[in-house]
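The next block holds one structure in the form of structure tokens; read it before the comments.
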Amino acid sequence: MDDYATLESEARELIGAAADLAALEALRVRYLGKQGSVSTLLKTLGSMAPDERQAKAPKVQALREAVAGALAGRKAAMEAAELEARLAGETLDLTLPAPEKPRGSVHPVSQVMDELAEIFADMGFAVATGPEIEDDWHNFTALNMPESHPARAMHDTFYFPDTGTAGGRMLLRTHTSPVQVRTMVSQGAPTRIIAPGRVYRSDSDATHTPMFHQVEGLVIDRGIHLGHLKWTLETFLKAFFEREDIVLRLRPSYFPFTEPSVEVDVGFALESGRRVLGGSGDAPGHGWMELLGSGMVNRRVIEMSGLDPDEWQGFAFGVGVDRLAMLKYGMDDLRAFFDGDVRWLRHYGFSPFDQPTLSAGVGARA
Ligand code: 2NL
């Protein structure tokens, strides 16, 4: 065995016995590094006589390739073994919940609108939407508020300057009632819808913003009466406030689009200065809070929407979404709703996974 063969077998033995990648790297430096023994042999070839160099160069080259090959083979084997060990040791538990990522939050108004849609869907109501820029006919006339009707003064309306469309002047809708008019006109009866959305009135102070949110509900069918209205509102309010002891008080009122019209109050208790809904408002330490307006749809409204009021009756209601959110989740300043302050949103915002149902309340997780 010549020196080259001895060096090669020694290298192969050490490489085969290397315990880890670090040991293998030390061997690579020892043989093939700048000062390595094989590299030194290669360098000495340069100072040899041509005959000797011709005889030895192939052997040194073969030695270098043999050592490099052994190192690469051992390295590949080690890496494969390491991967095998990791695969054997690691398991993926697909039943674990995904880690929560910070992705912003759902605005309380959106959350409450989702809750309303969910609760009313359980009672067979569809969600209807329509334009925020309306014409005079759908916003007022069809709701029994003709031109110069004094009730129009109840709404501080934003009008557009241009005039002359088929439905009269254009305006920002002052309520979502026009959506319900459009649904009656286009889909006829029977119908069961809620119409949530933005509405606009020229009004601005601590409790009024020029844009706010409303949800109106409408049921048109044969033989509908006040009992249906009361049951529906009671069932909705119990589900929304997640309390069985919500008590309603119905008072006569006036809206041009309903007859009779009914103002609905809910009983509350004063608990350490805070109003908490629940219980009769007549009990000691309790009171009544005005919450929403409603009534039996005026037969003139049914008629103007193209239906026969002798065949079809209905009830309708309207309530402020922002106010419902404040009552349920305890915010006290309406203006903060529309400032877009992320600190407020972080405090009052909701997770996209908070899904309410009629039977289980908002705490139920899907
Ligand atoms: C309130 C009162 C109300 C309605 C809205 C309505 C809609 C049609 C026909 C009849 Cl299409 N009525 N909506 C009825 C009564 C009251 O809202 O104070 N809302 C905040």
Side-chain angles (χ1 to χ4, degrees), residues 109 112-113 116 120 125-131 134-135 137-146 149 151-156 173-201 203 207-209 211-221 224-226 228-230 232-233 236-237 248 250-266 289-307 309 312-327 334:
V109 171
V112 166
M113 294 229 214
L116 295 170
F120 278 102
F125 287 67
V127 173
T129 57
E134 264 296 359
D135 57 58
W137 190 83
H138 288 93
N139 194 81
F140 289 127
T141 311
L143 289 149
N144 194 33
M145 298 161 88
H149 191 290
R152 285 204 187 195
M154 288 161 65
H155 297 203
D156 303 290
R173 68 181 183 193
T174 59
H175 46 187
T176 60
S177 309
V179 176
Q180 291 161 301
V181 170
R182 289 177 179 279
T183 305
M184 280 191 281
V185 169
S186 65
Q187 292 173 30
T191 193
R192 235 187 272 187
I193 50 166
I194 58 166
R198 294 191 181 107
V199 299
Y200 302 85
R201 290 185 198 178
D203 208 349
T207 52
H208 297 87
T209 49
M211 185 282 302
F212 59 102
H213 299 84
Q214 196 197 18
V215 61
E216 287 201 14
L218 174 75
V219 169
I220 302 280
D221 211 326
I224 296 294
H225 54 73
L226 267 179
H228 296 120
L229 167 65
K230 189 180 181 216
T232 303
L233 292 179
F236 150 58
L237 291 172
L248 272 56
L250 273 55
R251 278 183 296 111
S253 182
Y254 172 78
F255 301 109
F257 26 86
T258 45
E259 181 59 38
S261 299
V262 175
E263 206 94 52
V264 177
D265 302 335
V266 285
M289 184 189 315
E290 190 179 314
L291 192 58
L292 50 83
S294 62
M296 300 307 296
V297 180
N298 191 310
R299 52 182 292 124
R300 301 188 55 167
V301 172
I302 293 181
E303 212 161 30
M304 277 186 279
S305 298
L307 299 171
W312 303 103
Q313 300 75 43
F315 68 80
F317 59 88
V319 59
V321 175
D322 312 300
R323 198 165 122 73
L324 284 177
M326 291 168 88
L327 272 173
L334 176 65

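Order of appearance sets the numbers: ligands from 1, and atoms from 1 within every ligand. One-based numbering along the sequence shown.
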query = Judged by atom type as modelled, is there a donor-acceptor pair below 3.5 Å linking the side chain of His228 to the main-chain atoms of His225?
reply = yes
ask   = For atom 3 (C) of ligand 1, what is the nearest protein heavy atom, given as residue, atom name and distance?
value = Gly318 N, 3.5 Å
message = Does only the side chain of His175 get under 4.0 Å from ligand 1, or the backbone, or both, or neither? Count heavy atoms.
response = neither
request  = Under 4.0 Å, heavy atoms only, figure out whether ligand 1 is touched by the backbone of Phe257, its side chain, both or neither.
outcome  = both
Ligand-residue contact atoms, ligand 1 with Thr258, heavy atoms, under 4.0 Å = 10 (C), 12 (N), 14 (C), 15 (C)
query = Is there side-chain contact between Asp203 and Asp156, with heavy atoms separated by less than 4.5 Å?
reply = yes
ask   = Who gets closest to atom 11 (Cl) of ligand 1 by heavy atom: His138, Gln214, Gln180?
value = Gln180
inquiry  = Using the side chain to side chain contact (heavy atoms under 4.5 Å, CB included) criterion, which residues pair with Arg251? Sequence neighbours excluded.
reply    = Arg249, Glu263, Asp265, Glu290
request  = Verify side chain to side chain donor-acceptor pair (under 3.5 Å) between Asn139 and Ser177, making sure each step is shown before the conclusion.
outcome  = CA-CA 7 Å; Asn139 194 81; Ser177 309; over 6 Å; no
query = Between Val181 and Trp137, is any pair of side-chain heavy atoms under 4.5 Å apart?
reply = yes
key: Protein heavy atom at shortest distance from atom 12 (N) of ligand 1   = Ala316 CB, 3.2 Å
key: Residue portion contacting ligand 1 (non-hydrogen atoms closer than 4.0 Å) for Leu143   = side chain
inquiry  = Tell me whether the rings of Phe317 and Phe120 are parallel (<30°), tilted (30 to 60°) or perpendicular (>60°).
reply    = parallel
For Ser294, the ligand 1 atoms whose distance to one of its heavy atoms is below 4.0 Å = 15 (C), 16 (C)
ask   = Is any side-chain heavy atom of Gln180 less than 4.5 Å from a side-chain heavy atom of Thr191?
value = no
ask   = Considering distance alone, does some N or O of Glu216 sit under 3.5 Å from an N or O of ligand 1?
value = yes
